[in-house]
Amino acid sequence: MTPPPTAATVEPTLASADGPAPVAGSASRAVGPLAGGALVLVGMLLVALNLRVAITSLGALLDDVRNGLGLSGTMAGVVTTLPTLAFAVFGAVTPRLVRRHSPARLLVVAMALLTVGQLIRVAVDSAAVFLVASALALAGIAVANVLLPLLVKQHFPHRVGLITGAYSMALTVGASVAAASAVPVAHLLGSWQAGLAVWAGLAAVAVLPWVPLALRARAERRSATTTAAGAERPTVRPARTRLGWAMAIYFGTQSLGAYAIMGWLAQLFRDAGFTPQTAGLLLAGGTALGVPIALLMPTLAGRLRSLRGLMLTLSASLALAYVGMALAPHGGALLWVLLLAIGQSTFPLVLAIIGLRARTHEGTVALSAFTQSTGYLIGGLGPLLVGILYEATDGWTLPIGFLLVALAVQTAMGMVIARPRHIEDEA
């Protein structure tokens with residue numbers, strides 16, 4: 001593996017606070033390569049731990065929230081679709097924010113919004129305010145979603161796969177722990193409000209590493225040269241490129257399948273004859289298996305020149321799992337869960353590919369924003385469409401057939417993005 005970059009070889013570690021990034025090398029004077037890199041890594045991992053906590057903890061307590069706030073079925077549906085809408089809308093505006101503010105400053109604000117939003121939504125008894133506060137919290141998550149691939153590219157350009165794997169694993173751990181412990185915590189503390197509010201503390205902690213980094217970024221901007229401050233930065237528009245759309249569709253179709261499985265896998269196993277407890281354990285087991293795989297896949301992506309073989313392997317795993325669940329959901333349940341865990345590692349993989357398919361910081365944030373904002377809109381359709389097909393047919397053949405069609409589209413887009421290329425060459 002390529003040795004880690006020295007301070008002299010790394011591009012600016014922080015974009016300017018209010019304007020274009022300073023000249024190369026200035027960041028290495030503001031933040032030491034060892035101490036600064038360690039602080040950024042800790043900050044990234046803390047942010048990643050928070051990226052799904054506010055969502056999965058709410059999912060676990062949704063019945064209590066519905067009863068407590070008197071939410072209608074329609075309003076509960078809005079609550080469950082709000083994350084993908086927020087990720088799409090707020091993720092799309094993040095590149096504009098990055099052109100005006102440093103990533104560190106944006107993450108301070110993003111984690112503060114996440115903290116405040118989670119606290120407000122449990123301090124009120126109004127369904128409307130609950131939705132607004134949830135959207136506020138999700139806005140912070142959406143901005144962080146886009147920024148993490150950029151930070152990997154800026155601070156760890158020779159460790160894209162490894163660092164992406166590390167924060168993907170932290171994201172998975174945070175989501176799993178929140179889903180598993182939200183109900184017990186709520187019972188222990190006596191209310192669903194407390195079961196949700198405790199996670200605001202984790203978001204508040206995630207603010208801390210970014211405060212000194214944001215201050216250093218501001219100081220760096222003030223000391224930047226006039227030439228650097230006035231430099232024109234090229235505009236990268238992924239929506240006008242084949243690679244950008246291939247990335248967005250790949251991200252969207254893999255999210256569609258993942259959300260559908262998360263929402264309906266337990267029901268599929270219950271219909272196959274498993275008890276509710278066993279069906280839940282099978283779903284949780286698949287999530288747990290995904291933790292180490294989330295670290296492995298981006299690391300492989302960083303070492304391979306062509307990703308076609310890896311893409312085809314993951315698609316084959318998903319295809320076998322889908323067919324197996326349709327034909328023998330009870331007898332082969334453990335095998336199908338294992339194959340699903342392997343196949344769904346496309347999520348950390350595509351996060352790593354975002355950094356690998358851009359040369360510049362501007363290209364990375366533009367590709368990250370377009371890929372995720374467009375992809376989450378596609379992904380949000382998964383649970384809804386599978387639910388409609390399941391209800392219409394009272395079985396799993398047609399829903400699984402739909403997932404196989406989505407997988408075919410995903411695989412085709414995977415072949416496009418697997419070949420080494422860069423978004424700047426097409427923009």
Side-chain angles (χ1 to χ4, degrees), residues 4-51 94-116 139-160 162-164 166-168 170-171 174 201-225 228-229 233 351 354-355 360-362 364-365 368-369:
T6 63
T9 62
V10 180
E11 293 186 70
T13 56
L14 293 172
S16 66
D18 299 296
V23 294
S26 62
S28 63
R29 293 191 295 271
V31 183
L34 181 59
L39 185 60
V40 170
L41 180 58
V42 170
M44 288 175 62
L45 294 178
L46 285 173
V47 168
L49 280 172
N50 282 277
L51 290 185
T94 302
R96 295 185 182 182
L97 298 175
V98 171
R99 285 193 285 270
R100 296 178 59 86
H101 306 284
S102 73
R105 175 180 288 189
L106 290 176
L107 281 173
V108 170
V109 175
M111 291 298 100
L113 288 176
L114 179 56
T115 303
V116 172
I141 296 176
V143 171
N145 279 338
V146 173
L147 288 179
L148 287 185
L150 169 64
L151 290 166
V152 174
K153 188 76 171 181
Q154 283 185 324
H155 296 273
F156 309 98
H158 296 276
R159 295 287 186 271
V160 170
L162 179 62
I163 302 303
T164 303
Y167 87 70
S168 299
L171 184 155
L202 183 62
V205 172
V207 174
L208 301 179
W210 298 104
V211 173
L213 291 169
L215 294 174
R216 288 170 181 173
R218 186 171 181 84
E220 180 182 321
R221 180 253 181 186
R222 290 175 176 173
S223 64
T225 64
R233 288 193 280 180
L351 291 178
I354 290 172
T360 64
H361 299 163
E362 291 76 21
T364 303
V365 73
S368 177

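- In this structure, the side chain to side chain donor-acceptor pair (under 3.5 Å) partners of Ser368, at least two apart in sequence or on a different chain, are Gln372.
- Between Val98 and Val365, the closest heavy-atom pair is CG2-CG2, 3.8 Å.
- Residues meeting the side-chain contact (heavy atoms from CB on, under 4.5 Å) test with Ala170, sequence neighbours left out: Leu45, Ala48, Leu49.
- Contacts of Ala144 classified as side-chain contact (heavy atoms from CB on, under 4.5 Å), with partners at least two apart in sequence or in another chain: Val47, Leu51, Leu107, Met111.
- Nearest heavy atom pair, residue Ala206 against residue Pro209, reads O-CD, 3.5 Å.
- Scored by the side-chain contact (heavy atoms from CB on, under 4.5 Å) test, Ala142 finds Phe87, Phe90 as partners (sequence neighbours excluded).
- Side-chain atoms of Thr115 come within 3.5 Å of backbone atoms of Ala204 as a donor-acceptor pair (strictly under, hydrogens ignored).
- Distance check, rounded to the nearest 0.5 Å: OG1 of Thr164 to CE of Met44 gives 7.0 Å.
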Going through the distances and angles, do Ile141 and Asn50 end up as a side-chain contact (heavy atoms from CB on, under 4.5 Å)?
CA-CA 8 Å; Ile141 296 176; Asn50 282 277; over 6 Å; no
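- Atom-to-atom distance recorded for Arg159:CZ and Lys153:NZ is 14.0 Å, nearest 0.5 angstrom.
- Summarising the geometry, atom CZ belonging to Arg99 is positioned 9.0 Å from atom CG belonging to Leu97; distances are rounded to the nearest 0.5 Å.
- Here Val211 pairs with Val108, Val207, Leu215 under the side-chain contact (heavy atoms from CB on, under 4.5 Å) rule; sequence neighbours left out.
- Partner His155 forms a side-chain contact (heavy atoms from CB on, under 4.5 Å) with one of Ile163, Val40, Leu150, Leu41 and no other, that one being Val40.
- In this structure, CG on Leu151 lies 4.5 Å from CH2 on Trp210, to the nearest 0.5 angstrom.
- Here His101 contributes atom NE2 and Thr94 contributes atom OG1; the two are 11.5 Å apart, rounded to the nearest 0.5 Å.
- Residue Ser102 holds its OG atom at 12.5 Å from CZ of Arg216, rounded to the nearest 0.5 Å.
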